[in-house]
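Here is the structure we will look at.
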Amino acid sequence: MTKTFQDERIILDGHTYDGCTFERCELVFFGAAVTTLTNNHMIDCTWRFEGNAALTLAFLRALAEGGAEEMVLNTLGLGARPPSAHGAK
């Protein structure tokens with residue numbers, strides 16, 4: 001789907017967006033279905049993670065803050081980061 005969306009609330013779940021432009025949109029992901037985003041342009045958009053997606057992000061944050069940051073980063077394909085300055089001794 002190649003389309004321009006402006007000033008809309010877009011539910012991403014279960015949709016494929018390829019080559020679209022989103023301007024000033026609220027992009028919402030519930031984590032209820034696979035979503036594909038490819039070659040899109042997002043201008044002044046906000047993101048909302050609700051339902052299962054919000055729970056998953058909260059769980060990943062708890063893991064990272066609980067000592068499993070490297071595992072979380074590796075799971076996301078981001079690799080480990082050097083220790084932060086506030087964690088240095």
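Numbering of residues begins at 1 and proceeds along the displayed sequence.
Residues D44 and R24 are not paired through a salt bridge, judged by the lack of any N-O separation under 4.0 Å between the basic side chain and the carboxylate. The pair E8-K3 does not meet the salt-bridge criterion, since no charged nitrogen lies less than 4.0 angstrom from a carboxylate oxygen.
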*Yes or no on side-chain contact (heavy atoms from CB on, under 4.5 Å) for F29 and L57, after CA distance, side-chain angles and deciding distance?*
CA-CA 11 Å; F29 185 63; L57 288 176; over 6 Å; no
*Begin with the C-alpha distance, continue with both residues' side-chain angles, and end with the deciding distance and a verdict on side-chain contact (heavy atoms from CB on, under 4.5 Å) for L27 and M42.*
CA-CA 10 Å; L27 304 171; M42 296 163 192; 4.0 Å; yes
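Follow the hydrophobic side-chain contacts under 4.5 Å out from L12 and you never reach V34; the two are in separate clusters.
At a threshold of 4.5 Å between non-hydrogen side-chain atoms, the residues F30 and V28 count as touching. Under the 4.5 Å side-chain criterion, counting only non-hydrogen atoms from C-beta, D18 is not in contact with T2. A heavy-atom distance below 4.5 Å is not found between the side chains of L63 and E65.
For R48, the CZ atom sits in a loose shell: 12 or fewer heavy atoms of surrounding residues, nucleotides or ligands are nearer than 6.0 Å.
For N52 (side chain) and A32 (main-chain N/O), no donor-acceptor pair under 3.5 Å exists by modelled atom type. The main-chain N or O of V72 is never found under 3.5 Å from a side-chain atom of N74 such that the two would form a donor-acceptor pair.
For the pair D7 and C25, the tightest heavy-atom approach, listed with the atom from each and the gap, is N-SG, 3.9 Å. Considering every non-hydrogen atom in both T21 and I43, the closest pair reads CG2-CD1, 4.1 Å. Closest approach of A53 and G31 over heavy atoms only: CB-N, 3.8 Å. T35 approaches D13 most closely through the heavy-atom pair OG1-CA, 3.3 Å.
How far NE2 of H41 is from CD of E23: 10.5 Å, rounded to the nearest 0.5 Å. The structure places OG1 of T75 at 7.5 Å from CG of L60, a figure rounded to the nearest 0.5 Å. With values rounded to the nearest 0.5 angstrom, E69 atom CD is found 10.5 Å from L78 atom CG. The distance from the CD atom of Q6 to the SG atom of C45 is 10.5 Å, given to the nearest 0.5 Å.
With sequence neighbours excluded, no residue forms a side-chain hydrogen bond (donor to acceptor under 3.5 Å, both in side chains) with R61. Residues that satisfy the ring pair (Phe, Tyr, Trp, His ring centres under 6.0 Å) test with F22, not counting sequence neighbours, are F5, Y17.
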